[in-house]
Amino acid sequence: MLKIYNTLTKQKEEFKPIDPPNVSMYVCGPTVYDFFHIGNARSFISSDIIRKYLEYKGYNVKFVMNLTDVDDKIIKKSIEEKTGTEQVAEKYIGAFFQDIGKLTVAKADIYPKATGHMQDIIDMIKELEQKGFAYNVDGNVFYDVAKFKGYGKLSGKKIDELEAGARIEKNEEKKNPLDFSLWKKAKEGEPYWDSPWGKGRPGWHIECSVMSSKHLGKTFDIHAGGNDLIFPHHENEIAQSEAANEQPFVKYWLHFGFLNIDNTKMSKSLGNFFTARDILTKYSAEAIRLFFAQAYYRGPLNFNDELLAAAEKGLEKLGNLTDTINQELSKNITEGVTPELDIKQFEDKIIAAMDDDFNTAQAIAVIFDFTKEVNRIIAKSASGGENINAEFYKNVKAFLERTAVGIFGIMNFNADDNLSGAGIDVEHIQQMIDKRLEAKNEKNYALADKIREELKELGVELKDSKEGTTFKVVK
RNA sequence: GGCGCUGUAGCCAAGCGGUCUAAGGCGAAGGUCUGCAAAACCUUUAUUCGUCGGUUCGAAUCCGACCGGCGCCUCCA
């Protein structure tokens, strides 16, 4: 039984989708004004793991992620880069897809864009206006927070306490400082759309209300995003959607913890700002995914080089096993024994861990335990035990593909991916290995070691065993 | 000021009332194997869970106080 911590109720709840086995899931996507950073990557990867686990459980997940392509920051960027806002959006949407592709984040079913839903947005604002939740002040339309009874229920804030807070921007046009923009009047030179209130563009929050209900229904199962979106973004979405649709907006709210860099907030001004593509030049996607999966998705997480390097090392242990499995399977041994290994027991543990609010850290621990157990069996066989047949390796591989690959994306059995990715000439490597073998047979160890060194510089590490020499690509 | 998260070995991090003299990863030390190198395996590395009290037959786990870290309350994953 899957339990999920729901920000709305502040407790773990049994997950009961509205229309099983279908699950509707919406994750707040990027505002496409720059490359996304490693903190964004945590949200994308965490939601990817959650989605894949739900699919593993047999749910049919409809996954929607919005792309915010009209916004102040995009306008600002277009001025800086001296292009149009559309060009800015297009450029960073392209970069977004490249980066999530490298991070092996599965594609959403739909990536709705704000600019593609202008009529729907206008319709929803009109509806809010008709129902008395919105007011127009000279082309700027605001949401009247005081009219919505449940305001603050997600973030646990109270309107009067918020009003007492000192950090709310003053705006003469608003009835209440907490009221937020539904429609912004266009300023000179800004992109605009025609509307009943004049030329303008939508406020930030309205697009998510509109696009989520359009693609997932007026009430849907899961809405996820970064911790910082709880207030005001998600609070405002609830206010808009529930006022307009007169039914609950979302059943389960999930929020991802923040990523700190060396215990401080990541920010451009502090110079500790890392884009995901920067990090990907130094570390593998698997290592990044493993690093995130080793912690609880809701908690804060510290990030630095040393920690990612540790994850990369841990990953090697897993990678060595996949190499071994691939090699053994290629031999296709039919005689020999199938050692006893209770795979189901490991799988049950993973399920138990993941069912408890996606305890990925514990699930990953099970995968490492499993790896150790398999290595132990192989070591026993190698040191004079009985030969192991392909059946065993097939079972092991199938399990890891279901879990380590299928849910977490931290292993890769497709060895060619690594080779082609690193631009390795397999034929040349093989020739060198043969040459080295010859040298070894002649006890010319100086030459053998020289070849080893040369290949190492090409990023290829040799490994000798009884059955011959194999190699792997190292970063 | 309000809301929320968090404090477990050298580092990261699970565990949230008994199976805990506390998973897993990294690091470190020793060993097996080995021409070398690596991998892998074996052993060791927290009698203790920020501090002090309380509840309980029993607490890292619940309650209270205190000390510390972080976030949100303004755009932000």
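Letters go in sequence order (proteins before strands), and every chain restarts at 1.
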Asker: Could you state the atom-to-atom distance from CZ of A:Arg289 to C1' of B:G25 in whole Å?
Answerer: 18 Å

Asker: Between A:Lys463 and B:A40, does any side-chain N or O lie under 4.0 Å from OP1 or OP2?
Answerer: no

Asker: Could you state the NE2-C1' distance from A:His205 to B:C76, rounded to the nearest angstrom?
Answerer: 12 Å

Asker: Could you check which of B:C75, B:C70, B:A40 has an atom nearest any side-chain atom of A:Ala379?
Answerer: B:A40

Asker: Check each residue of residues 36-44 of chain A for a non-hydrogen atom within less than 4.0 Å of any atom in RNA chain B, then write out the ones that pass by number, or none.
Answerer: A:His37, A:Gly39, A:Asn40, A:Ser43

Asker: Just how far, in rounded Å, is P of B:A23 from NZ of A:Lys372?
Answerer: 12 Å

Asker: By the definition ring pair (Phe, Tyr, Trp, His ring centres under 6.0 Å), identify the one residue from A:Phe44, A:Tyr92, A:Phe97, A:Phe274 that meets it with A:Phe36.
Answerer: A:Phe44

Asker: In whole Å, I'd like the distance from the CG atom of A:Leu455 to the P atom of B:A37.
Answerer: 18 Å

Asker: The side chain of A:Lys157 lies closest to which of these nucleotides: B:A77, B:G2, B:C41?
Answerer: B:G2

Asker: Atom CG of A:Asp323 and atom C1' of B:A38: how far apart are they, to the nearest Å?
Answerer: 12 Å

Asker: If only side-chain N and O atoms of A:Lys317 are considered, is one of them under 4.0 Å from the OP1 or OP2 phosphate oxygen of B:C26?
Answerer: yes

Asker: Whole Å only: how far is the CG atom of A:Leu315 from the C1' atom of B:C26?
Answerer: 13 Å

Asker: Using atom C1' in both nucleotides, what's the gap between B:G50 and B:G58 to the nearest angstrom?
Answerer: 23 Å

Asker: Tell me whether the rings of A:His255 and A:Trp253 are parallel (<30°), tilted (30 to 60°) or perpendicular (>60°).
Answerer: parallel

Asker: Show me the pairs that pass salt bridge (charged side-chain N to carboxylate O under 4.0 Å, His left out) and involve residues 34-45 of chain A, at least two apart or across chains.
Answerer: A:Asp34-A:Lys268

Asker: Considering residues at least two apart in sequence or located in another chain, which fulfil the ring pair (Phe, Tyr, Trp, His ring centres under 6.0 Å) criterion with A:Tyr33?
Answerer: none

Asker: In whole Å, measure the gap between the C1' atoms of B:G53 and B:A46 for me.
Answerer: 24 Å

Asker: Go through B:C76, B:G24, B:G4 for me and flag the one nearest to the A:Lys10 side chain.
Answerer: B:G4

Asker: In whole Å, I'd like the distance from the CD1 atom of A:Ile74 to the C1' atom of B:C76.
Answerer: 14 Å

Asker: Phosphate oxygens OP1/OP2 of B:A38: is one of them under 4.0 Å from a side-chain N or O of A:Asn320?
Answerer: no

Asker: Can you figure out which of B:A38, B:G24, B:C76 approaches the side chain of A:Glu461 most closely?
Answerer: B:A38

Asker: So A:Asp72, base contact, sugar-phosphate only, or nothing? Heavy-atom distance under 4.0 Å.
Answerer: nothing

Asker: Would you mind building the protein contact string for nucleotides 8-18 of chain B? One character per nucleotide, 5' to 3', B for base within reach (heavy atoms under 4.0 Å), S for sugar-phosphate only, - for untouched.
Answerer: ----SSSS---

Asker: Grab the CG-P distance between A:Asp71 and B:C76 for me, whole Å please.
Answerer: 7 Å

Asker: Report, as a single string ordered 5' to 3', how protein heavy atoms within less than 4.0 Å touch nucleotides 29-35 of chain B: B base, S sugar-phosphate only, - not at all.
Answerer: ------B

Asker: For A:Gly257 and A:Ala310, take the nucleotide of RNA chain B holding the closest heavy atom to each; which residue's nucleotide lies nearer the 5' end?
Answerer: A:Ala310

Asker: Are A:Arg201 and A:Asp72 close enough for a salt bridge, meaning some N to O gap below 4.0 Å?
Answerer: yes

Asker: For RNA chain B, which ranges pair as stems of 3 or more consecutive Watson-Crick or G-U pairs, with both donor-acceptor distances under 3.5 Å?
Answerer: B:1-7 with B:67-73, B:10-12 with B:24-26, B:27-32 with B:40-45, B:50-54 with B:62-66

